[in-house]
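Lettering follows sequence order; numbering is per chain, from 1.
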There are 2 protein chains.
Amino acid sequence: MMTNGLQNRQTAIPEEINGLRMTRQRQEVYRFLMGERTHPTANEVFMKIKEALPSVSLATVYNCLEALVQHKIIRQVNFDREPSRYCPNLDEHGHFHDETTGTIHDVKFKPGINLTDILDLPPNTVIKDIEITLRGQLA
Amino acid sequence: MMTNGLQNRQTAIPEEINGLRMTRQRQEVYRFLMGERTHPTANEVFMKIKEALPSVSLATVYNCLEALVQHKIIRQVNFDREPSRYCPNLDEHGHFHDETTGTIHDVKFKPGINLTDILDLPPNTVIKDIEITLRGQLA
DNA sequence: GCGGCAAATTAGAATCATTCCTATTTTGAT
DNA sequence: ATCAAAATAGGAATGATTCTAATTTGCCGC
């Protein structure tokens with residue numbers, strides 16, 4: 001008599017992603033982020049998912065975000081020392097901060113570009129992560 | 001009877017750099033940073049220049065660092081949300097974090113590379129600053 | 001050389017994102 | 001159903017940085 005265990009009207013989220021058990025709280029964080037290109041902060045995530053899950057705590061949102069980041073389901077983006085933001089785009093890309101509007105835009109690399117090709121790295125260097133951040137304005 | 005007003009045995013620092021008046025505190029911060037490739041934090045700068053200037057305050061170190069950064073005499077470097085670090089190297093370059101030792105190394109770009117060439121930026125974008133950060137280990 | 005003014009400095013309080021703590025709840029395996 | 005491990009909630013603690021208010025300093029014209 002049971003179909004699949006979670007008959008929600010929203011997009012179904014698997015019970016596990018990249019080895020991370022998708023609890024209700026993690027689902028809500030994940031679902032919200034996947035639909036956002038605005039790179040929300042932890043607090044913005046918190047405010048939003050409280051609508052669906054009023055008892056959720058900010059600490060849990062931080063826990064969920066950390067778990068999702070560690071399982072490479074989302075990315076954490078830091079700009080200067082502002083609050084961390086979270087990004088569902090896993091492709092290699094950079095972030096452009098428009099100083100005028102305060103918005104953040106993903107920046108792709110031109111095709112065929114390998115980042116490490118242009119860097120003068122010491123030999124035997126194993127790069128695990130690259131972050132490129134740009135600041136400026138859309139004229 | 002007076003020769004030049006500051007008869008210090010160390011490298012003489014001009015009274016003004018890039019339009020910034022070099023007070024005693026700013027001089028100490030500047031002198032220390034110029035001799036360092038370790039990208040010190042504000043607190044490390046503070047600890048160090050207290051030797052020469054015991055009455056200096058941490059707030060002043062922050063003020064000096066901010067002034068030096070704004071006048072483009074040094075650069076501020078952020079890695080994730082760790083304490084900011086400060087860098088005397090004004091050439092365009094990136095930063096590599098060696099996870100094993102915790103040290104930070106400047107990374108040059110290969111000659112002839114123009115960063116904006118490889119990025120797929122929207123038209124009419126004015127870039128004011130680029131930051132490239134790498135994390136990994138020296139194998 | 002001297003009063004006045006703006007800029008710089010100081011010490012400590014305040015801020016605020018994030019982490020820690022810990023009791024409670026939920027989950028999955030047996 | 002039972003038990004251990006994992007996850008959660010809420011509140012306290014942390015720590016880099018910034019703010020505030022009160023001195024101090026440097027510099028100007030007299």
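A close approach under 4.0 Å does occur between a side-chain nitrogen or oxygen of A/Arg26 and OP1 or OP2 of D/dA7. Proximity of A/Thr60 to the phosphate of D/dA9: a side-chain N or O atom is located under 4.0 Å from OP1 or OP2. Under 4.0 angstrom from either OP1 or OP2 of D/dT25 there lies no side-chain N or O belonging to B/Gln25.
Using a 30° and 60° split on the angle between ring planes, A/His39 and A/His95 fall in the perpendicular class, above 60°.
Between B/Arg85 atom CZ and D/dA16 atom P there is a gap of 11 Å when expressed in whole angstrom units. The distance from atom CD of B/Gln27 to atom C1' of C/dT9 is 15 Å, rounded to the nearest whole Å. When rounded to the nearest whole Å, the span between CG of B/Leu58 and P of C/dG12 equals 12 Å. Whole-Å rounding puts the B/Glu15 CD to C/dA8 C1' distance at 16 Å. Rounded to whole Å, atom C1' of D/dA7 lies 16 Å from atom CD of A/Glu28.
Listed by residue number, the members of residues 62-84 of chain A with any heavy atom below 4.0 angstrom from DNA chain C are A/Tyr62, A/Pro83, A/Ser84. Of the residues in residues 35-56 of chain A, those lying under 4.0 Å from DNA chain D by heavy-atom distance are A/Ser55, A/Val56.
Side-chain atoms of B/Arg26 and B/Arg21, non-hydrogen and from C-beta on, do get closer than 4.5 Å to each other. Within the 4.5 Å cutoff, no side-chain heavy atoms of A/Leu134 are placed close to those of B/Thr116. At least one side-chain heavy atom of A/Ile104 sits less than 4.5 Å from a side-chain heavy atom of A/Arg85. A/Met22 is listed as a side-chain neighbour of A/Leu68, based on a closest heavy-atom distance under 4.5 Å. Under the 4.5 Å side-chain criterion, counting only non-hydrogen atoms from C-beta, A/Thr133 is not in contact with B/Thr133.
Considering only side-chain atoms of B/Ala59, the nucleotide from C/dA8, D/dC19, C/dT18 that sits closest is D/dC19.
Contact check on B/Lys108 versus A/Asp120 returns no salt bridge, with no Lys/Arg side-chain nitrogen under 4.0 Å from an Asp/Glu carboxylate oxygen.
Counting only N and O atoms by type, the side chains of A/Thr100 and A/Asp98 include a donor and acceptor under 3.5 Å apart.
At a threshold of 4.5 Å between side-chain heavy atoms, the hydrophobic network of Ile, Leu, Val, Met, Phe, Trp and Tyr places B/Val77 and A/Leu119 in two separate groups.
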